[in-house]
Enquirer: 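Just dropping this structure here.
Side chains are part of it too, since the values below use all heavy atoms of this structure and drop only hydrogens, waters and symmetry mates. Convention: sequence-line order gives letters A, B, ...; per-chain numbering from 1.
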There are 2 protein chains.
Amino acid sequence: MGEAGEKASRKPRADSLRNRERLLDAARQVFSAGGPEASLEAVARAAELGIGTLYRHFPTREALFQAVYAREVDELANLARDLAGGPDSGEALKTWLRAALRMIATKKGMAAALRPAVDTCAPFYTDTAARMRQAAEALVRPGALRGELRDDVTGEDIVTVLISLSYGTARPDWQGATGRMLDIFVDGLRRG
Amino acid sequence: MGEAGEKASRKPRADSLRNRERLLDAARQVFSAGGPEASLEAVARAAELGIGTLYRHFPTREALFQAVYAREVDELANLARDLAGGPDSGEALKTWLRAALRMIATKKGMAAALRPAVDTCAPFYTDTAARMRQAAEALVRPGALRGELRDDVTGEDIVTVLISLSYGTARPDWQGATGRMLDIFVDGLRRG
DNA sequence: AGTTATACGGAGGATGCCTCCGTTTTGCAA
DNA sequence: TTGCAAAACGGAGGCATCCTCCGTATAACT
């Protein structure tokens, strides 16, 4: 057994890997342009691949979202880890939320992609969801223990607020207003 | 000119009025059961009317939502008026938001119905939207003037937060968690 | 080169959106 | 009452999307 105890299976086909990438690129393009509701057929067309191929690689729209924005979620998780040590967890939280917001504003469709991550009773527990929750949790917990922040709020709650507020608001001043709302929310989190 | 300066036009047909009601009832049923994305054809079927009839009465999905939930929005507007006089505008706001939340939790689909109300650059300025915004504004303004609350937050912002947080969260503990988030937000609104 | 697992592609059935127009119903006036 | 025209009905039909299924093509292995 050459690899790490894997089932001795055939190497994945080259065209499969290549097409997966093509699909991800196309999806990024299409979602970015046409919003998250863009048709999957459009994605397949943009990738110059059959619709069947798309569905084989990503059985659901969510699976595609997840794959498309995995990188971004990673970044956020890392940022949370870096910020978690700081002295003022309220400020850390604000910083993190702002970063997330900026990212969401850039990558249109990301909010929608994360949305199912908010939905606890979704058919499949998404990895993305867990990552985001843990990141937020890491930011909130210390402050709660120190009595700096309310302790009845979970990482999941934070993520829910973030995603909900980001999702679908189409106003021109969107980013600014939403940032303000998030700050206000964090202020409300502070004890005293 | 018998009436109030109206164009002397023919009395609306009886079947039209009757069918309008049938459609509203059916829509209430269907949206309540199947969520706000339920197909309009399903509504028409439930009303035992043709799809064409539905579209004639309510040219868009939004128009239907609007008509379905007009009553509820009225109630909320009235409640806001009643609460607006109180001494503690933070508390008043919390009370109002909780009432709104309860209503939304009951009438599934109402959040979705109100969603376009949040979207300032929607094709048509909905009446519902304006009503909700004014209601919230009436609750926030006095507090802001008295220096009790932040003054950089509009009624529109409040409604946005309410609707966004209510929309689409499908967790079982939904209502409780969201209520808590809204309270926290209002706390954050208070001047420290 | 031959074999076989794997992937591709797109036709096709199901459903939903919305429009259009022939048919039916209703209000009104003679 | 009767007749007429305005108004409403209903659903077929064109288009788009979703998602599945399976015959064909192709890459990995021997």
Enquirer: Under 3.5 Å between N/O atoms: give me all the protein pairs with nucleotides 28-30 of chain D, atom names plus distance.
Expert:
unit_1: dA28(D); atom_1: OP1; unit_2: A14(A); atom_2: N; d: 3.1
unit_1: dC29(D); atom_1: OP1; unit_2: K11(A); atom_2: N; d: 2.9

Enquirer: Is T53(B) reaching over with its side chain to a backbone N or O of L49(B), donor-acceptor style, under 3.5 angstrom?
Expert: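 Answer holds: no.
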Enquirer: If only atom types and distance count, is the side chain of R22(B) paired as donor or acceptor with the main-chain N or O of A47(B) below 3.5 Å?
Expert: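 Here the side-chain-to-backbone pair exists.
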Enquirer: Taking protein heavy atoms under 4.0 Å as touching, what does nucleotides 14-20 of chain D look like 5' to 3' if B marks base contact, S marks sugar-phosphate-only contact and - marks none?
Expert: ---SBBB
Enquirer: Quick one: which residue pairs count as a ring-ring contact (aromatic ring centres under 6.0 Å, His included) with a foot in residues 16-48 of chain A, not counting sequence neighbours?
Expert: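 Every ring-ring contact (aromatic ring centres under 6.0 Å, His included) pair that includes a residue of residues 16-48 of chain A, provided the two are not neighbours, is F31(A)-F65(A).
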Enquirer: Do V186(B) and L182(B) come close enough that some side-chain heavy atom pair is under 4.5 Å?
Expert: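 With C-beta onward as the side chain, the pair stays apart.
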Enquirer: Could you check how far CZ of F58(A) sits from P of dC8(C), rounded to whole Å?
Expert: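 So the two atoms are 11 Å apart, to the nearest Å.
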Enquirer: Any donor-acceptor pair under 3.5 Å linking the side chain of E137(B) with the backbone of G155(B)?
Expert: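 Answer holds: yes.
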Enquirer: So if I apply the salt bridge (Lys or Arg N to Asp or Glu O under 4.0 Å) rule between R190(B) and each of D88(B), D151(B), D183(B), which one comes out positive?
Expert: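 When salt bridge (Lys or Arg N to Asp or Glu O under 4.0 Å) is applied between R190(B) and each of D88(B), D151(B), D183(B), only D88(B) qualifies.
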Enquirer: Are any of H57(B)'s side-chain N or O atoms less than 4.0 Å away from OP1 or OP2 of dA8(D)?
Expert: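 No, H57(B) has no side-chain N/O under 4.0 Å of OP1/OP2 on dA8(D).
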Enquirer: Counting only side-chain nitrogens and oxygens, does T53(B) get under 4.0 Å of the OP1 or OP2 atom of dA8(D)?
Expert: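 Checking dA8(D) against T53(B), no side-chain N or O comes under 4.0 Å of OP1 or OP2.
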Enquirer: To the nearest 10 degrees, what angle separates the axes at the start and end of the helix from dA1(C)-dT30(D) to dA30(C)-dT1(D), five pairs each?
Expert: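 One end's axis against the other's: 0°.
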Enquirer: Restricting to side-chain contact (heavy atoms from CB on, under 4.5 Å), what partner residues turn up for Y55(B), sequence neighbours left out?
Expert: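 side-chain contact (heavy atoms from CB on, under 4.5 Å) check on Y55(B) returns L40(B), I51(B).
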Enquirer: Check the distance between dG9(C)'s P and L49(A)'s CG and give it to me in whole angstrom.
Expert: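 Atom-to-atom, L49(A) to dG9(C), this comes out as 5 Å.
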Enquirer: Counting distance only, does the side-chain N/O of E148(B) pair as donor-acceptor with the main-chain N or O of S89(B) below 3.5 Å?
Expert: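 Yes; judged by distance alone, with no hydrogens or angles, the pair exists.
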Enquirer: Got L101(A) and Q175(A) here, is their nearest side-chain heavy-atom distance under 4.5 Å?
Expert: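 With C-beta onward as the side chain, the pair touches.
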Enquirer: Answer yes or no: does atom CD of Q29(B) have more than 12 heavy-atom neighbours from other residues, nucleotides or ligands under 6.0 Å?
Expert: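 No - once you tally the heavy atoms of other residues, nucleotides and ligands closer than 6.0 Å, there are 12 at most.
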Enquirer: Keeping D157(A) on the side-chain end and T154(A) on the backbone end, is there a donor-acceptor pair under 3.5 Å?
Expert: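 Flag set: sc D157(A) to bb T154(A) pair under 3.5 Å.
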Enquirer: Give, ordered by number, those residues of residues 16-26 of chain A having at least one heavy-atom distance below 4.0 Å to an atom of DNA chain C; if nothing qualifies, reply none.
Expert: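 Those residues whose heavy atoms fall under 4.0 Å from DNA chain C, taken from residues 16-26 of chain A in numerical order, are S16(A), N19(A).
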Enquirer: Using modelled atom types only, decide if a donor and an acceptor are shared between the side chain of T95(A) and the backbone of E91(A) within a distance under 3.5 Å.
Expert: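 Looks like yes, one N/O pair under 3.5 Å.
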Enquirer: Taking CZ from R56(B) and C1' from dC18(C), how many angstroms apart are they, rounded to a whole number?
Expert: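 Taking CZ of R56(B) and C1' of dC18(C), I get 13 Å after rounding.
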Enquirer: Would a distance-only check, ignoring hydrogens and angles, find a side-chain to backbone donor-acceptor pair under 3.5 Å from W96(A) to L76(A)?
Expert: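 Pair found, side chain donor or acceptor close to backbone of L76(A).
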